[in-house]
Amino acid sequence: MRILVVEDERRLAELLKDGLTNEGFAVDLAHDGREGLWMATEQPYDVIVLDVMLPSLHGYEVCTRLREAGNWTPILMLTAKDGEYDEAEALDTGADDYLAKPFSYVVLLARLRALMRRGGRERPTVLTVGDLRVDPAGLKCSRGDIQIGLTPKEFAILHCLARHPGEVVSKSELLARAWDFAYDGDSNVVEVYISALRRKIDKPFGRTSLTTVRGAGYRLEA
């Protein structure tokens, strides 16, 4: 699951990134409104955590521009303001939820999970490919009634594939979804995780749903 945090308080931004990364998310950071707006339009995210008081372009304007462009990625707004009119303005500009600083990290996580369950307007809550079920909000995977334990990176890759069942997903797209924006390591790491996924979601069940399309990428089929 990929999250964009747009926060100009760099210490808070780094703390959020460290905490969310430990929870299994891929996290990108932006420190001003214009950078956050550019990243939100250039990369696909599951949730955007957006501060209101930002340099160059405030959070209300970033949110408004994204919605006007048809980008319905769930947005959780953060602000030092805590009045009812500030909350109303955040929601009226298109935010999905609102959290005033200082906030509880536990509450932040709970609200992020709730937004993921809700998803963007065009996304189903639980993805199904045959009898394989992928629950993004709960970070759960099952085949039939059997739960399958996956690492965060394995889940991120499977989630990307499950969003495009029957379609070829390139290695570069999987890298973009499962690793953060700054990753510049060996792209062959994807093959390692694909092999691990096959051992977990296919081999024990006698299936071959996850296939390699030579020179193009990978495909998940029912």
Side-chain angles (χ1 to χ4, degrees), residues 1-8 12-52 54 56-79 90-91 93-99 105 108-127 134-139 152-164 169-184 190:
M1 307 296 290
R2 194 166 184 182
I3 296 177
L4 173 63
V5 176
V6 188
E7 170 60 65
D8 64 321
L12 174 58
E14 291 295 340
L15 287 172
L16 286 175
K17 179 173 183 176
D18 290 345
L20 293 171
T21 299
N22 289 335
E23 294 291 333
F25 300 109
V27 183
D28 290 332
L29 296 181
H31 298 297
D32 66 66
R34 292 193 184 281
E35 181 187 19
L37 179 62
W38 177 79
M39 293 180 70
T41 55
E42 289 295 311
Q43 299 290 330
Y45 292 98
D46 296 287
V47 177
I48 298 171
V49 179
L50 177 64
D51 188 28
V52 170
L54 292 168
S56 75
L57 202 65
H58 61 69
Y60 295 139
E61 183 65 21
V62 172
C63 185
T64 298
R65 293 192 187 186
L66 287 174
R67 296 319 190 213
E68 288 177 347
N71 185 324
W72 291 102
T73 302
I75 293 176
L76 173 64
M77 273 199 171
L78 300 179
T79 180
L91 298 175
T93 55
D96 298 272
D97 202 354
Y98 174 99
L99 196 57
Y105 181 68
L108 173 72
L109 276 179
R111 294 198 177 190
L112 288 176
R113 288 194 295 266
L115 289 178
M116 289 176 186
R117 283 194 296 271
R118 190 183 312 165
R121 295 189 179 184
E122 78 288 357
R123 297 182 188 176
T125 303
V126 177
L127 304 172
V134 180
D135 177 3
L139 297 179
K153 279 290 186 286
E154 290 168 353
F155 188 92
I157 291 172
L158 180 62
H159 176 231
C160 184
L161 291 164
R163 287 179 59 187
H164 305 279
V169 181
S170 69
K171 184 184 294 186
S172 60
E173 184 174 352
L174 291 175
L175 279 170
R177 292 292 297 170
W179 280 264
D180 64 35
F181 193 68
Y183 179 78
D184 62 355
V190 174

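Here the structure is a predicted model, which means the values were calculated and not measured.
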Which atom names give the shortest non-hydrogen contact between [X] and [Y], and what distance separates them?
| X | Y | value |
| --- | --- | --- |
| Gly24 | Pro152 | CA-CB, 3.4 Å |
| Ala95 | Cys63 | N-SG, 3.4 Å |
| Met77 | Gly59 | CE-O, 3.3 Å |
| Leu4 | Gly36 | CD2-O, 3.7 Å |
| Leu66 | Ala40 | CD2-CB, 3.8 Å |
| Leu37 | Val62 | CD1-O, 4.1 Å |

Does this structure show an ion pair linking Arg67 with Asp96, if we count only N-O contacts that are shorter than 4.0 Å? yes
Measure from the side-chain N and O atoms of [X] to the backbone N and O of [Y], and report whether any donor-acceptor pair falls under 3.5 Å.
| X | Y | answer |
| --- | --- | --- |
| His31 | Val6 | no |
| Tyr45 | Pro74 | no |
| Asp32 | Glu35 | yes |
| Arg111 | Tyr98 | yes |

Sequence neighbours excluded, which residues qualify as side chain to side chain donor-acceptor pair (under 3.5 Å) partners of [X]?
| X | value |
| --- | --- |
| Glu23 | none |
| Asp8 | none |
| Arg34 | none |
| Thr64 | none |

ring-ring contact (aromatic ring centres under 6.0 Å, His included) filter on His58, not counting sequence neighbours, yields Tyr60
From [X] atom [atom1] to [Y] atom [atom2], the distance as rounded to the nearest 0.5 Å:
| X | Y | atom1 | atom2 | value |
| --- | --- | --- | --- | --- |
| Leu54 | Glu61 | CG | CD | 12.0 Å |
| Leu174 | Leu158 | CG | CG | 10.5 Å |
| Ile75 | Ile48 | CD1 | CD1 | 4.5 Å |

Exactly one candidate in Leu15, Val5, Val47 meets side-chain contact (heavy atoms from CB on, under 4.5 Å) with Leu20; the answer is Val5
Quick one: does Glu7's side chain get under 4.5 Å of Val49's, heavy atoms only?
no
_For a 4.5 angstrom cut-off between non-hydrogen side-chain atoms, does Leu112 reach Leu76?_
yes
For Thr21, the side-chain contact (heavy atoms from CB on, under 4.5 Å) test, sequence neighbours excluded, returns Lys17, Val27
Q) Arg65 and Leu57: side chain to side chain contact (heavy atoms under 4.5 Å, CB included), yes or no, with the steps? A) CA-CA 11 Å; Arg65 293 192 187 186; Leu57 202 65; 3.7 Å; yes
